[in-house]
Amino acid sequence: MRPISRRELIRKFRALGFEGPISGGRHGFMQRGKLKVHIPGEHGADISIALQREILRQAEITAEEWEQA
């Protein structure tokens with residue numbers, strides 16, 4: 001795992017069957033069925049490994065699934 005851009009994060013979520021990003025409140029989110037996962041806003045910096053792990057935990061995605069997406 002390595003730091004990635006927001007665009008790459010969205011691409012991977014779409015490859016895993018999520019829709020979005022959908023606007024909502026302070027942050028947009030990606031959705032698959034009833035599962036909603038908030039994603040970071042467009043701030044220009046790459047998304048850290050620690051934040052990716054937290055997002056994946058909330059999305060119920062394993063590191064192996066993520067790497068293959």
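Everything numeric in this text was worked out from a predicted model, so none of it was measured.
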Interatomic distance, [X] atom [atom1] to [Y] atom [atom2] [nearest 0.5 angstrom]:
X	Y	atom1	atom2	value
Lys12	Glu65	NZ	CD	11.5 Å
Ile10	Ile4	CD1	CD1	9.5 Å
Met1	Ser48	CE	OG	10.5 Å

**Fill in**
In short, Arg32 meets Gly17 closest at the heavy-atom pair CG-O, 3.6 Å
**Message:** Tell me the closest heavy-atom pair linking Ala69 and Leu16, and the distance in Å.
**Reply:** CB-CG, 3.8 Å
Are the side chains of [X] and [Y] in touch, meaning some heavy atoms are under 4.5 Å apart?
X	Y	result
Phe18	Ile39	no
Leu9	Trp66	yes
Phe29	Val37	no
Met30	Lys36	no
Ile47	Pro3	no
Leu56	Arg53	no
Pro40	Ile55	yes

**Prompt:** Has the side chain of Arg14 got a donor or acceptor atom that lies under 3.5 Å from a matching backbone atom of Glu19?
**Reply:** no
**Message:** I'd like to know if the side chain of Gln52 reaches the main chain of Glu54, judged simply by a donor and an acceptor atom lying under 3.5 Å from each other, with no hydrogens or angles considered.
**Reply:** no
**Request:** Verify side-chain hydrogen bond (donor to acceptor under 3.5 Å, both in side chains) between Gln68 and Glu64, making sure each step is shown before the conclusion.
**Result:** CA-CA 6 Å; Gln68 292 177 1; Glu64 292 79 25; over 6 Å; no
